[in-house]
Structure formats: structure tokens, C-alpha cells
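Scroll down for the structure; my scribbles are underneath it.
As the structure lists them, so they are numbered: ligands from 1, and atoms in each ligand from 1.
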Amino acid sequence: MADFDAVVVGSGVNGLACGALLAKSGWRVCVLERNDWLGGAIKTAEITQPGFRHDVFSAWHPLWVGGAAHAQLGDDLARHGLEYVNTDHPTGTLFPDGEAAFLLRSAEANAAELDRHHAGDGDAWRRMLDEFLPNADLAFGVLGTELWSKRGAGLALKAYRRFGRDGILDFSGGLLASARDRLGERFASERAHGLLAPWVLHTGLGPDAACSGYMAEVIAVAVQDGGMPIPRGGGARLVDALVAVIHAAGGACETETEVDRILVYNGRAVGVRTATGETVTATRAVVANVTPTQLYGRLLADPPREAAQRAQRFRYGRSEMQIHFALSEPPRWEGDERLAQTAIVHLTPGLDGVSRAVNEADRGLLPAEATVVVGQPLTIDPSRAPAGKGILWIQLQELPWQVRGDAAGELDTGSGTWTESLRERYADRIQARLARHIPNLESSILARVALSPADLEAANPNLVHGDPYGGALTLDQNFLWRPFPGRPGHRTPIDGLWHVGASTHPGPGLGAGSGALVAEQLLEPPVPQRLVARARGLVGRG
Ligand SMILES: Cc1cc2nc3c(=O)[nH]c(=O)nc-3n(C[C@H](O)[C@H](O)[C@H](O)COP(=O)(O)OP(=O)(O)OC[C@H]3O[C@@H](n4cnc5c(N)ncnc54)[C@H](O)[C@@H]3O)c2cc1C
């Protein structure tokens, strides 16, 4: 293979977005992917029946559409055929008694919905927005800034100027509160708590974890404002468009090409060697879209000792499982008719239900009453299935990797590993729960495909133990400390080697935050050029 400016190891959304941003600025980029598809946790495929296009892993793109990479690449991607479709019914929670609560697209609609459950919670929603929105720049700034950098220091200074010393302690202390405490303080109704608490699972946390309160509010505001956008035709359309940008600049994206060594010469990363022994040279950067475990434990022949030790201690989070249904007709939900139009419905007894399921999973148990994430992509994009049919995308985020038992006392968990039989019996349990609310579910199933934590890990080495989020997001591995203290951010101890992906700040999700941050740093002109540009600016102004 030829020489490139940059070689990207792994074609996750961060690797591709970084590659596309560099390509847009004229770099020749080569992305190397071990799998036979590009996109990592983005894959659209007919895995059940012909004509049913399932998003096999990730499905919902609000983070991408709200992120820095989309802001810079959106027009290019649209030219390559990417189109987003959205909904006014992004999410809701269905409780065991058949009552449901919804998060809608305007402050007024949400206030009215919360008042429906408890008079006064509508005002509490408005108060939350009044407190959140003036400082939203700081919240989103944290997620879009290299924290250990001049820009990170600038963000801290901005917060200091706004709040003063005591104010900043008060504000930052509030960010640490759990969803239980924060939602409990704000809203009287358990329906409101149960509407927002399941969303903290999507940030890798549980409702009793530090920072989960603020994360629940970040998501609430983001969903109210941005809805639940998805690409028409499936998530893979985003991948296709990113790849097209890289190709248009003379780059390459190779599948079935595993990298087994990052080549280092005189302390600088100069390329990679593939598992078949080919060498690909990178004249400016190697970008590794992998876990710290793989980067420092496998890809570097002689990794810096401290980083290797830290990487060895990097912890992975709870495991997850996906279930895909192809249905002969759309699901007919019992109860509120809006359930049939809602993109993501959470089935849970409420905040305590989520807390219990998380705790059971943390203790190695299959939860007795899991939080079931029911995705209905056809409510937004009917093109993904033949007319009149149904698709359900089910996500279960509260599972252990080593199964010690079943909190419901029903399933024999055997050796504790994720066998095909355990996967299918657990999927049966979830299916039976769904069928209580969707009476036509079982009679309409054409096909069901379940993916256990072990299947997820086998599909993508970044999903260690089936953790969908690239490493636990406990406070000691999050924000300023991701992937680990002593080596936070994206620069590595090796010159020219950069680390991106869910294991790095700002963590998981399709926002491609780490890919965008690394591209920004790689494209920054060197210091002498910056000084000349600044001097020219000053002369020009004079
Ligand atoms: C089931 C599931 C559902 C999710 N749902 C959503 C959702 O709806 N919305 C959302 O915002 N987020 C969702 N997430 C999270 C989000 O998808 C991920 O955080 C994000 O896609 C991770 O991107 P990444 O850049 O870290 O790379 P990944 O997507 O993990 O891809 C890394 C790629 O690198 C390849 N690779 C690794 N090592 C090598 C090597 N040595 N050589 C060559 N290739 C290599 C892997 O094969 C893989 O393709 C979900 C995640 C999962 C697993």
C-alpha cells in the first residue's frame, strides 16, 4: 500500500470522522478495518429477513447531528447522499400499570405533559430549563473541548468569570449529584423521574451514580431541542458518506485488514503493520480508534511502562444485549396511542426500577425486571421495511459479563458465560414482557435475532465484555480522567500517535467528539505559522 498523511486504525465513527475532517483539508487518509464492514458500532443489515434493514448496533443519531464533526462535514455528507429524518415524538416511558409519560419537542408541550401527571411539575420543567440553558455553553463546552489544553483552561476561566469562586464550587458541586437526587428535588411525580432516569443508562451510568443528574438534564434538553434524528435508509448511510469524503480526497478505506502493530521509529509513530504483514506508512499521524487495552497492550511493541500499567487497569462497564424483531405488522401497543408513534419507548417500573436493575447487573445477576429500550425506527423512516410490516430494535443495558445468577430466580445461568441458550432464554423473558403491552407481538414475529454481550465482543474488539460504551464511565474514568489519569485526552506518549474512540474523552456515542478534537489539533497550524498569522492580523487591523 502507498504512503498516506494519516493512517487510522479502526473505522468507528470517531476514526471515520477524524479521517473525513483531515481529508476535507487535503490530507490523504487510509482507514484500516478488521471487519468486513466499515463503521464499527454502526451497521445496517438485513439480519432477519430480506427487505428489513436493521441498525444492528447503534441506531439514534442526536449526538452526531448535534456534534462538531457534523457541523463541519454536514454539507459534504449531504452532497454524498446523507439525509436525516426526525420526529416530534422522540421518547417516552411505559410503566407496568399501562400509564405512559412522554418527552416532546417543545418546552410548552413538555410542561403540559408533566402537569398531566402532577400539577406543578410543568413549572418545575420550565425552572429546570431556565437554570440549565444559560449555562448550556459550559456543559456542551466540556463535551466538545480537549480539557487538558489551553482551550480547556479557557473554558474553566469562562466558568470562573461567570460564577466567581463560590459560585463555581456551587455549580460544579451540583454537576456531581445523582439523577435520584436531582430529579427528586425538581419533580414531585415519579412519572417524571421514570421518564428521565432510563436515559442515564445511555450515558453508561445508573440513576444513583455521580453526575447522572446533570447527564439526565443534558439529554432532556438535547432531545427536546434536537428530537431523535436518524439517517434515511439506516445508520450505514452516515458511514457511506464519511467514506465518500475520504475517497474524494484520494484516501482509502480497507476492510478485512487487521492492524497488529503500530510502527514507531525514533519515538515517533510512522505507520502500521497489518496482520498479513503489509506496511502502511503515515507521514503525519497514526490515529488509533481502539481501546487503551489494545493500544498499550497489543499494538505497541514497546509501550511506555506507566501507560501500559494504567491501560491494564482500565475498567469496562456493564454488558449489553440487542434483540431485533421483524414483524408481519406494526406493533399495536395497549394504552396511550402515542406509544405507536414514539421512536424510543422505555419499559420500566420507574427510577427505582432502573436503579434495581443496574444494581443487580453490577452484582452479577440477570435483572428481574430490566429496563427495556424499545426502538421503533419505522416511526421515523418507513423505508427500512416492506410496507405494512414492523421492526423493533431492543436494547438491554443492565447485564453482567460473568453471570452469577438470576435475580428473578427463573433461569439456570449455568457456568455464567453467555451461551446461545442463555441468550435465547433471556430474550424469551424480555419478549414475554413486551407482549404484555403489545398483544399482537408474538403472533406477528417473522424473525428474531438476539446478540448477547459475547456476540457484541466478537463483532467488535472495542466492545470488551459487550460494554457498548468503551469502558466504565465512573467519575474516575470520565471527563478529565478519560481514559485514565496521567494520560487523559488524545495525545499519547508516542509522537504522532493519537488515541480516539469511545474510551477517550468525551466518551461514547455517535457524536464523534474525540475524532473531531484530534482532527482539530492535527490541523492546527504549527506555532511559528500561528504567530505569523497573528502578527499579520494585528498589522491588518492597524
Ligand atoms: C449495541 C449498541 C447500541 C448503541 N446505540 C447507540 C445509539 O443509538 N446512539 C449513540 O449515539 N450511540 C450508541 N451506541 C454507542 C456508540 O455506537 C459508540 O460509542 C460508538 O459508535 C463508538 O465509536 P468508536 O469510534 O469508539 O468505534 P467503534 O464503533 O467501536 O469501532 C471501532 C472499530 O475499530 C475496529 N478495530 C479495532 N481494532 C482494530 C485493529 N487492530 N485493526 C483494525 N480494525 C480494528 C473494530 O473492528 C471496529 O470496527 C451504541 C453502542 C452499541 C454497541
Side-chain angles (χ1 to χ4, degrees), residues 7-19 30-43 54-67 69 199 201-204 219 222 228-230 235 238-239 242 253-262 272-276 280 287-291 293-295 297-299 317 319-324 343-344 373 375 377 393-397 451-453 455-471 473 483 499-504 506-516 518:
V7 173
V8 180
V9 183
S11 68
V13 71
N14 287 289
L16 287 177
C18 183
C30 177
V31 179
L32 300 175
E33 168 57 53
R34 73 188 268 279
N35 284 329
D36 62 5
W37 76 90
L38 296 165
I42 309 176
K43 179 181 186 182
H54 299 269
D55 272 340
V56 181
F57 310 110
S58 62
W60 313 98
H61 289 220
L63 289 176
W64 170 264
V65 171
W199 274 102
L201 297 174
H202 299 266
T203 67
I219 291 185
M228 200 53 66
I230 56 176
L238 168 60
V239 174
L242 287 167
C253 297
E254 305 291 337
T255 56
E256 296 176 272
T257 308
E258 171 137 13
V259 171
D260 69 4
R261 185 65 78 237
I262 290 170
V272 303
R273 190 190 67 207
T274 71
T276 50
V280 187
V287 178
N289 188 182
V290 301
T291 60
T293 321
Q294 193 188 170
L295 179 57
R298 173 186 179 223
L299 294 180
S319 307
E320 87 138 271
M321 178 163 161
Q322 291 286 127
I323 310 175
H324 298 281
I344 298 181
V373 187
W393 174 99
I394 308 293
Q395 187 180 35
L396 305 159
Q397 300 170 91
L451 299 170
S452 73
D455 298 325
L456 294 178
E457 187 181 74
N460 178 347
N462 286 23
L463 307 179
V464 175
H465 298 172
D467 168 6
Y469 300 136
L473 287 132
H499 190 192
V500 300
S503 305
T504 69
L510 298 179
S514 56
V518 166

- Query: Starting from atom 36 (N) of ligand 1, which protein heavy atom do you reach first, and at what distance in Å?
  - Reply: Gly10 CA, 3.9 Å

- Message: Using a 4.0 Å cutoff against the non-hydrogen atoms of Ser11, which atoms of ligand 1 qualify?
- Response: 33 (C), 34 (O)

- Out of Leu463, Leu510, Thr291, who gets a non-hydrogen atom closest to atom 11 (O) of ligand 1? Leu510

- Note on the structure: Quick look: Pro461 vs ligand 1, heavy-atom contacts under 4.0 Å, and the answer is side chain

- Message: Closer than 3.5 angstrom, by distance alone: can the side chain of His61 be matched with the main-chain N or O of Gly235 as a donor-acceptor pair?
- Response: no

- Message: Return the CG to CG distance between Leu16 and Asn14, rounded to the nearest 0.5 Å.
- Response: 9.0 Å

- Message: Any heavy atom of Glu320 closer to ligand 1 than 4.0 angstrom?
- Response: yes

- Message: Taking Lys43's backbone N and O only, do any of them form a donor-acceptor pair with Trp37's side chain (distance below 3.5 Å, no angle check)?
- Response: no

- Note on the structure: Quick look: Asn14 vs ligand 1, heavy-atom contacts under 4.0 Å, and the answer is both

- N or O contact, Pro508 vs ligand 1, cut-off under 3.5 Å: no

- Are any non-hydrogen side-chain atoms of Ile42 and Val13 less than 4.5 angstrom apart? yes

- Polar-atom distance check: Ala59 versus ligand 1, any N or O pair below 3.5 Å? yes

- Interatomic spacing from CG in Leu451 to CG in Leu396 - rounded to 0.5 Å: 11.0 Å

- Message: Is there a polar contact, in the sense of an N or O pair closer than 3.5 Å, between Phe57 and ligand 1?
- Response: no

- Message: Can you check which of Gly501, Ser58, Ala288 brings a heavy atom nearest to atom 17 (O) of ligand 1?
- Response: Ser58

- For ligand 1, find out whether one of its N or O atoms is nearer than 3.5 Å to an N or O atom of Ala459. no

- Item | Nearest non-hydrogen protein atom, atom 42 (N) of ligand 1 | Val259 N, 3.0 Å

- Of the side chain and backbone of Leu63, name the one, both, or neither that has a heavy atom under 4.0 Å from an atom of ligand 1. side chain

- Message: Using modelled atom types and a 3.5 Å cut-off, is there a donor and acceptor pairing between side-chain atoms of Trp393 and backbone atoms of Phe57?
- Response: yes

- Hey, looking at atom 28 (P) of ligand 1, which of Thr504, Asn460, Asn35 has the closest heavy atom? Asn460

- Query: Side-chain contact, heavy-atom cut-off 4.5 Å: Leu456 with Ser319?
  - Reply: no

- Nearest protein heavy atom with distance in Å, relative to atom 53 (C) of ligand 1: Pro468 CB, 3.5 Å

- Note on the structure: for atom 9 (N) of ligand 1, nearest protein heavy atom and its distance come out as Trp60 O, 2.9 Å

- Message: For atom 35 (C) of ligand 1, what's the nearest protein heavy-atom neighbour? Residue, atom name and distance, please.
- Response: Glu33 OE1, 3.2 Å

- Considering all heavy atoms, the nearest Ser514-Pro506 contact: N-CD, 3.5 Å

- Task: May I ask you to decide if Gly39's main-chain N or O and Ser11's side chain share a donor-acceptor pair within less than 3.5 Å?
- Result: yes

Solution key, residues 459-469 side-chain donor-acceptor pairs under 3.5 Å, sequence neighbours excluded:
| from | atom 1 | to | atom 2 | distance (Å) |
| --- | --- | --- | --- | --- |
| Asn460 | OD1 | Asn462 | N | 2.8 |
| Asn462 | ND2 | Asn289 | O | 3.0 |
| Asp467 | OD1 | Tyr469 | N | 2.7 |
| Asp467 | OD2 | Gly317 | N | 2.7 |
| Asp467 | OD2 | Gly471 | N | 2.8 |
| Tyr469 | OH | Gln397 | OE1 | 2.6 |

- Query: Does ligand 1 have any atom that is closer than 4.0 Å to a heavy atom of Leu32?
  - Reply: yes

- Message: Heavy-atom pairs closer than 4.0 Å: do any link ligand 1 to the side chain of Val290, the backbone, both, or neither?
- Response: side chain

- Task: Please name the pair of heavy atoms, one in Gly470 and one in Ala502, separated by the smallest distance, quoted to 0.1 Å.
- Result: CA-CB, 4.1 Å

- Are any of the side-chain nitrogens in Arg298 or Asp260 under 4.0 Å away from the carboxylate oxygens of its partner? no

- atom 29 (O) of ligand 1: the protein heavy-atom neighbour that sits closest, reported with distance to 0.1 Å: Ala41 N, 2.8 Å

- Task: With the side chain counted from C-beta on, respond yes when His202 and Val373 share a heavy-atom pair under 4.5 Å apart, and no when they do not.
- Result: yes

- Query: CG/Leu242 to CG/Leu38 distance, rounded to the nearest 0.5 angstrom?
  - Reply: 10.5 Å

- Task: Give the numbers and elements of all ligand 1 atoms closer than 4.0 Å to a heavy atom of Thr257.
- Result: 43 (C)

- Straight-line distance of Arg34 CZ to Thr257 OG1, nearest 0.5 Å: 11.5 Å

- At under 4.0 Å between heavy atoms, which part of Gln322 makes contact with ligand 1: side chain, backbone, both or neither? side chain

- Closest non-hydrogen protein atom to atom 38 (N) of ligand 1, residue and atom name please, with distance? Gln294 NE2, 3.0 Å

- Note the single closest protein heavy atom to atom 22 (C) of ligand 1, along with its residue, its atom name and the distance in Å. Ala502 CB, 4.2 Å

- Could an N or O of ligand 1 be found under 3.5 Å from any N or O of Trp393, whether backbone or side chain? no

- How does Arg298 reach ligand 1, by side chain, by backbone, by both or by neither, if only non-hydrogen atoms under 4.0 Å count? side chain

- Within-shell test, Leu456 vs ligand 1, heavy atom, strictly < 4.0 Å: no

- Nearest-0.5 Å distance that lies between atom CG in Leu32 and atom CD in Glu258: 11.0 Å

- Atoms of ligand 1 less than 4.0 Å from Gly40 heavy atoms? 29 (O), 31 (O), 48 (C), 49 (O)

